[in-house]
Amino acid sequence: MKKSLIALLVATLPAAAFADVTIYGKIKGGVEYVDNGTTKQTNVDDLGSRIGFKGSEDLGNGLKTIWQVETGFGIDGTGDGSSSGTFANRESFIGLQGSFGTIRLGNISNFQDSDMGIVDAWEYKDAALGLKVFTRDADRLKNSIRYDLPAIVPGLTAALQYGAKEDKTAGTPKDREVYGLGLGYENAGFFGKYAYTYEAAQQVGGVITSSNDKHRLEVGYNANNLLVAFGYNQDDAKLANAAGSEKVKTKDYALTAAYTMGAITPKFTYGQGETKALGVTTGKYDQYILGVDYAVSKRTTFGAQYGHINLKDDNTKDRNAFGLNMVHKF
């Protein structure tokens, strides 16, 4: 009786109540075999499933309200972070859009997450099967405000973002102030994008953590069934210590190529990186990934890939992985 009554009430609501609300999402799952040099393991994993609701309201004079609530969950029965199933744990915001541009408040993707990442053309969970190391700074920024400039020049995008330090607990703060800048340009299939992030230092347990300057550049071509993308990532950390400060610099490079032939898209990625501190190089690695996607429809794709990470530090072991995945978009 209660279910019938609810259905009747929903049916009587005007169509306009739903006209500007879109339901969207992806269901992504896979099987991955991973050999880390010590343990060999087969995993059934969620690869970043999510569901979202978004909409807008016309306020007149070219101004409108925009909003979005997106939730990530794990179809394998497990999940944490952005796959925990906690409501609005992915990009969620409310804002305004008009001739002045777009301004949003909430848990908002940084420029690396929203506008970049084409160089990482893979679906995966294990780091050997994609560019998880290279894309480590692509994320959502909680307690943030983001302003995107209007499209004055066709193909040109620009954004500014600020993340507030809301947790000021002495000695154990969870937040730090973050400032972000993003610039991009696309024309005739060619693209170039740059992102800069500054993370202020914070005090944890009486120790001042590093302040970080992060740069990321992506350039390439994506048209006529061909994708060629090059990415460069640089993180500069300034660590405070008794001697004054210590600078740590991490650099990563990645190159991806893919070509679509009907429903089949073979892909290849090569990456490398290293960290330098006090003249010592650590964390050096080479990586390659080879795979293929098969689109069975416009919304459903199967994928297979093999990945290898060659870790070059002493007493480290290489990592190999093979993965099969399925993705459905709605």
Side-chain angles (χ1 to χ4, degrees), residues 20-29 46-57 64-75 79-98 100-125 130-132 134-151 157-167 174-184 186 193-199 214 216 218 233 299 327-330:
D20 294 323
V21 178
T22 299
I23 301 175
Y24 68 94
K26 295 180 181 180
I27 306 295
K28 307 198 294 184
D46 176 81
L47 305 181
S49 300
R50 78 286 304 264
I51 185 171
F53 306 86
K54 59 183 178 181
S56 63
E57 181 187 12
K64 63 180 179 180
T65 298
I66 57 173
W67 62 271
Q68 176 176 299
V69 177
E70 186 173 297
T71 301
F73 55 89
I75 61 170
D80 52 21
S82 62
S83 297
S84 66
T86 303
F87 196 62
N89 60 6
R90 292 180 61 90
E91 186 173 42
S92 302
F93 59 79
I94 190 168
L96 291 171
Q97 188 175 69
F100 60 87
T102 302
I103 187 166
R104 293 173 288 164
L105 308 171
N107 182 20
I108 307 171
S109 291
N110 60 17
F111 197 79
Q112 296 95 315
D113 189 50
S114 64
D115 291 67
M116 304 178 77
I118 193 171
V119 71
D120 189 8
W122 307 95
E123 301 290 349
Y124 61 94
K125 186 169 184 178
L131 293 177
K132 181 177 288 187
F134 180 86
T135 60
R136 60 188 174 274
D137 296 323
D139 204 353
R140 289 160 295 280
L141 187 55
K142 297 180 180 179
N143 310 316
S144 72
I145 178 171
R146 173 167 163 168
Y147 171 61
D148 289 74
L149 277 67
T157 56
L160 300 170
Q161 190 169 8
Y162 169 72
K165 182 181 178 180
E166 294 195 357
D167 182 0
K174 297 178 181 178
D175 302 326
R176 66 168 85 198
E177 284 189 315
V178 180
Y179 301 85
L181 166 68
L183 298 171
E186 299 182 27
K193 299 183 179 184
Y194 168 76
Y196 168 74
T197 302
Y198 172 76
E199 297 176 340
K214 300 182 176 183
R216 184 159 151 197
E218 290 185 7
N233 208 49
R299 297 188 295 164
V327 178
H328 177 73
K329 304 175 183 178
F330 62 90

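The analysis underlying the following values was restricted to heavy atoms, covering all of them including side chains, and did not include hydrogens, waters or symmetry mates.
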Can Phe111 and Leu160 be said to form a side chain to side chain contact (heavy atoms under 4.5 Å, CB included), step by step?
-> CA-CA 9 Å; Phe111 197 79; Leu160 300 170; over 6 Å; no

Residues which pass side-chain hydrogen bond (donor to acceptor under 3.5 Å, both in side chains) with Lys28, listed by chain and number, not counting sequence neighbours = Glu123

For residues Gln97 and Thr102, is any side-chain donor paired with an opposing acceptor at under 3.5 Å?
-> yes

Check: Leu96 main-chain N/O paired with Thr65 side-chain donor or acceptor under 3.5 Å = no

Using salt bridge (charged side-chain N to carboxylate O under 4.0 Å, His left out) as the criterion, list what pairs up with Arg216, not counting sequence neighbours.
-> Glu218

Could you give the distance from CD1 (Ile108) to CG (Asn143), rounded to the nearest 0.5 Å?
-> 10.0 Å

Here the pair of heavy atoms bringing Gly29 nearest to Ile75 is CA-CD1, 3.9 Å

How would you list, by chain and number, every residue that makes a side-chain hydrogen bond (donor to acceptor under 3.5 Å, both in side chains) with Thr157, sequence neighbours excluded?
-> none

Atom CD1 of Ile27 and atom CG of Leu47: how far apart are they, to the nearest 0.5 Å?
-> 11.5 Å

Sequence-distant partners of Arg299, salt bridge (charged side-chain N to carboxylate O under 4.0 Å, His left out), two or more places apart = none

Provide the closest heavy-atom pair for Thr71 versus Arg90 in the form atom of the first, atom of the second, distance.
-> C-CD, 4.0 Å

Mind checking side-chain contact (heavy atoms from CB on, under 4.5 Å) for Leu149 and listing every partner two or more places apart, or none if nothing turns up?
-> Tyr147, Ala158

What distance separates Asn110 CG from Asp137 CG, expressed to the nearest 0.5 Å?
-> 8.0 Å

Any residue meeting side-chain contact (heavy atoms from CB on, under 4.5 Å) with Leu141, in chain and number order, not counting sequence neighbours | Ser144, Gln161, Val178

Between CH2 on residue Trp122 and OG1 on residue Thr135, distance to nearest 0.5 Å = 13.5 Å

To the nearest 0.5 Å, atom OG1 of Thr86 lies from atom CZ of Phe73 at 13.0 Å

Ring pair (Phe, Tyr, Trp, His ring centres under 6.0 Å) partners of Tyr196, counting only residues at least two apart = His215

Partner residues of Lys125 under the salt bridge (charged side-chain N to carboxylate O under 4.0 Å, His left out) criterion, sequence neighbours left out = Asp45

Phe93 and Leu105: side chain to side chain contact (heavy atoms under 4.5 Å, CB included), yes or no, with the steps?
-> CA-CA 5 Å; Phe93 59 79; Leu105 308 171; 6.0 Å; no

Mind checking what makes side-chain hydrogen bond (donor to acceptor under 3.5 Å, both in side chains) contact with Asp115, not counting sequence neighbours?
-> Arg146

Under 4.5 Å between any side-chain heavy atoms of Lys193 and Glu186, yes or no?
-> yes

Any Phe330 side-chain heavy atom under 4.5 Å of Ile51 side chain | yes

Which residues satisfy the side-chain hydrogen bond (donor to acceptor under 3.5 Å, both in side chains) test with Glu57, sequence neighbours excluded?
-> none

Closest approach of Asp20 to Ser56 (non-hydrogen atoms, all atoms of both residues) = CB-O, 3.1 Å

Partner set under ring pair (Phe, Tyr, Trp, His ring centres under 6.0 Å) for Tyr162, not counting sequence neighbours | Tyr179

Between the CZ atom in Phe53 and the CD atom in Gln68, the distance rounded to the nearest 0.5 Å is 11.0 Å

List in chain and number order the residues that pass side-chain contact (heavy atoms from CB on, under 4.5 Å) with Ala151, two or more places apart in sequence or in another chain; answer none if no residue qualifies.
-> none

Tell me, do Phe134 and Asp120 make a side-chain contact under 4.5 Å, heavy atoms counted?
-> no

Can you see which heavy atom on Gly48 is nearest to which on Asp46, and at what distance?
-> N-OD2, 2.9 Å

Considering only NZ, NE, NH1 and NH2 on the basic side and carboxylate oxygens on the acidic side, decide whether Lys54 and Glu70 come within less than 4.0 Å.
-> no

Beyond-backbone contact of Ile145 with Ile103, side-chain heavy atoms, under 4.5 angstrom | yes

Salt bridge (charged side-chain N to carboxylate O under 4.0 Å, His left out), paired with Glu91, selected from Lys142, Arg104, Arg140, Arg50 | Arg104

